[in-house]
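Notes for the one structure printed next.
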Amino acid sequence: MITDLHKIFLTIILFGSNSFAQPNDKNFLPSGLSNERSLNNYDSTFISNSEVKKNYWLPAVEVIGLNFAVWGYHRYLSGENWSNISWETIKNNFKYGFEWDADGYLINQFWHPYHGSNYYNSARSNGLSFWESAPYAFFGSLTWEYFFENERPSYNDIVNTPVTGIILGEISFRVSNLIIDESTEGFERFIREFTSTLIDPMQGFNRFIRGDMWKNGLPNKRDKFNVVVSTGVHNVFFSNKFNNSKSYLALRADLIYGNEFSVSEHQKPFDYFSLHTEVNLTQGDNIVGIFASGVLWDNKLKLFNHSNNIIGIYKEVDVYINTVYKLSATSVTGQIINKIKFTPSTEMQNYFGLSAILMGGTNSQYASEYGKDYNIGPGASGKIGLALKFKDLGEVYSNYKRYWIHTLSGADSEEFVGLFNFGLSYNLNSQTSIGLDYLLYERFGDYKYFPDTQDANSALRMYIRHNI
């Protein structure tokens, strides 16, 4: 069993990749099917928000202060033109209203949500609940859009910043709390406070100004979480051609917070969530991304005898980035999950889900005609998956998720993206397994003013996975 400090460093890995990649196995393509959920979990430190007195005014001040700090950096240090604001630019922003901006993919799909997560966590770390904290993310985004840029407010920013930011914020808040332990001291206490602040800067800031960073306390209430790490070789065949391929070093770290089937314990949003981080490395190219899903509401569902069934609503975010394709989706998902035990050593787990994509994006070869590097718009997605699990042996699994994005900004089109995988794993022991995945990424663009596009990439992945 590893030490607490080892668990801290693994948590840094989970959040240090900044963004995540094309999901490669049944655990996070899509959510709802995870072998690790049935494995042993570690208890973790968790600070109850009731221990922090609610403060509604301080986070509002911090949100404005955060905006001033970011604006000041870009105005006086980096000298960005958009930061040259005046009362005239503010008046014009109110007068002319919203438009679609032309910011790059990484800025819109990661940095803006990260900014939103700090808005949200300014409230969360001041004792407010999930729903009480959410308006602060919208407040921060609106004030930024109207007052701190000389460009008109952006439709995509007012969705991506607060909505995706709330998802990332709640996860980072809870992970930060897993690390904090006020009963520790010395170097361990320093490492815990430092690491938790890296993951959730606003919580670290508020703990500092309250003096909590050096306060002596009892061991905190402990919640359950599980960390799984894996590494392997990820070989991509571009356009499904075996003579046009590239091999990547695959590094993954997955976090399961809570127990998906213990719905009676899900009293608050994100009492259960799954988080997948991945980076695939090779010379001249990387694949990175995010897949996160947190429960908003769930309940038991009676379907079949001898089965365990859940119906739930989840908030999800998917982001994939590499040199070949880009895909992002912030969505609300309705999902049914089913687990059937055939014998004491054999069970089947499956799921079906439908999502409303509040804002999505995918790259397009024609988007540059409109000054962008990807198309943006709302849409929908559907997902289905199945896993057959054999105790002490391994499992066979398959998943498919398909996205539809209706372009509102970029080259007029209907974008369709599909992600499929099929794999099997073999248990070396109770904690370690090896596996092989086949993956297919396919897309089709139905364009109004340009020729339609169609492409597909496939991949094989061999991995070794260890449950910490």
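We count residues from 1, following the sequence as given. Values reported hereafter were calculated over all heavy atoms of this structure, with side chains retained and with hydrogens, waters and symmetry mates removed. Predicted model only: the values in this text are computed from it and were never measured.
Within 6.0 Å of the CZ atom in F390, the count of heavy atoms belonging to other residues, nucleotides or ligands exceeds 12. The number of heavy atoms from other shown groups lying within 6.0 Å of CZ (F194) does not exceed 12. Around atom NZ of K391, no more than 12 heavy atoms belonging to other residues, nucleotides or ligands sit under 6.0 Å away.
Residues Y447 and S364 share a closest heavy-atom pair of OH-OG, 2.7 Å. Contact detail for L358 and V332: the closest heavy-atom pair is CD1-CG2, 4.2 Å. Across I340 and S307, no two heavy atoms sit closer than the pair CG1-CB, 3.7 Å. Contact between E260 and I310 at its shortest, heavy atoms only, is O-CD1, 3.2 Å. Here the shortest heavy-atom pairing between E442 and A456 reads CB-CB, 3.9 Å. Closest heavy-atom contact between S133 and Y120: CB-CE1, 3.5 Å.
A donor-acceptor pair shorter than 3.5 Å can be found between the side chains of N121 and S172. Side chains of N399 and Y351: a donor-acceptor N/O pair is present below 3.5 angstrom, by distance only. For the residue pair N156 / D101, a side-chain donor-acceptor distance below 3.5 Å is found, with atom types taken as modelled. Side-chain contact, N375 with Y366: no donor N or O sits under 3.5 Å from an acceptor N or O. If you check the side chains of N177 and Q203, you find a donor sitting under 3.5 Å from an acceptor. For the residue pair D452 / Q454, no side-chain donor-acceptor distance below 3.5 Å is found, with atom types taken as modelled. A donor-acceptor contact closer than 3.5 angstrom is absent between the side chains of T407 and D412. For the residue pair N280 / H234, no side-chain donor-acceptor distance below 3.5 Å is found, with atom types taken as modelled.
A donor-acceptor pair under 3.5 Å is formed between the side chain of H266 and the backbone N or O of N259. Here the side chain of N150 pairs a donor or acceptor atom with the backbone of N81 at under 3.5 angstrom. The backbone N or O of A137 sits nowhere less than 3.5 Å from a side-chain atom of S141 that would complete a donor-acceptor pair. Of the possible donor and acceptor atoms, one in the side chain of Q431 sits under 3.5 Å from a partner among the backbone N and O of N467. With hydrogens and angles ignored, the 3.5 Å screen pairs no side-chain donor or acceptor of R124 with any backbone N or O of G169. Judged by distance alone, with hydrogens and angles left aside, the side-chain atoms of K300 form a donor-acceptor pair with the main-chain N or O of F261 at under 3.5 Å. Checking side-chain atoms of S458 against main-chain N and O of N240 turns up no donor-acceptor pair under 3.5 Å. With T343 contributing its side chain and T346 its backbone, the two residues share a donor-acceptor pair below 3.5 Å. When atom types are taken as modelled, the side chain of D437 and the backbone of R461 share no donor-acceptor pair closer than 3.5 angstrom. Not a single donor-acceptor pair under 3.5 Å links the side chain of S176 to the backbone N or O of F173.
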* **Stepwise side-chain contact (heavy atoms from CB on, under 4.5 Å) test for M359 and D157** => CA-CA 10 Å; M359 189 65 66; D157 289 351; over 6 Å; no
* What's the verdict on salt bridge (Lys or Arg N to Asp or Glu O under 4.0 Å) for K224 and E265, showing C-alpha distance, side-chain angles and the deciding distance? -> CA-CA 11 Å; K224 293 181 178 180; E265 299 175 1; over 6 Å; no
* Decide side-chain contact (heavy atoms from CB on, under 4.5 Å) for F205 and T197; before the verdict, give the C-alpha distance in whole Å, the side-chain angles of both, and the deciding distance to 0.1 Å. => CA-CA 8 Å; F205 175 77; T197 300; over 6 Å; no
* Walk me through it: do H112 and I107 pass the test side-chain contact (heavy atoms from CB on, under 4.5 Å)? => CA-CA 6 Å; H112 284 173; I107 292 175; 3.7 Å; yes
* Derivation and outcome, side-chain contact (heavy atoms from CB on, under 4.5 Å), residues D392 and N427 -> CA-CA 6 Å; D392 300 327; N427 296 336; 5.6 Å; no
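Aromatic ring pairs are classed by plane angle as parallel below 30°, tilted from 30° to 60° and perpendicular above 60°; the pair H406 and W404 is tilted. Taking the six-membered ring where the residue is Trp, F273 and Y257 present parallel rings, their angle staying beneath 30° rather than reaching 60°. Using cut-offs of 30° and 60° for the angle between ring planes, the Y370 and F450 rings count as perpendicular. The aromatic rings of Y400 and F420 lie tilted to each other, with the angle between the two planes from 30° to 60°.
Using a cutoff of 4.0 Å between basic side-chain nitrogens and carboxylate oxygens, K401 and E316 are scored as salt-bridged. Remark: K326 engages D373 in a salt bridge, criterion side-chain N to carboxylate O under 4.0 Å.
For E415, the salt bridge (Lys or Arg N to Asp or Glu O under 4.0 Å) test picks out R443, with sequence neighbours left out.
Between Y320 and D318, some side-chain heavy-atom pair lies under the 4.5 Å cut-off. Here the side chains of F110 and V319 are not in contact, with every heavy-atom distance at 4.5 Å or above. The shortest side-chain heavy-atom distance between M202 and D200 falls under the 4.5 Å cut-off. Looking at heavy atoms from C-beta onward, Y397 lies out of side-chain contact with N350 at the 4.5 angstrom threshold. F422 places a side-chain heavy atom less than 4.5 Å from the side chain of V396. Side-chain contact between Y374 and N108: present, with at least one pair of heavy atoms (C-beta onward) separated by less than 4.5 Å. Looking at N84 and R75, their side chains come closer than 4.5 Å, going by heavy atoms from C-beta outward. Contact annotation: the side chain of T231 approaches that of L249 to within less than 4.5 Å [non-hydrogen atoms, C-beta and beyond].
For an aromatic pair to be called close, the ring centres must be under 6.0 Å apart, and Y76 with W71 satisfies this.
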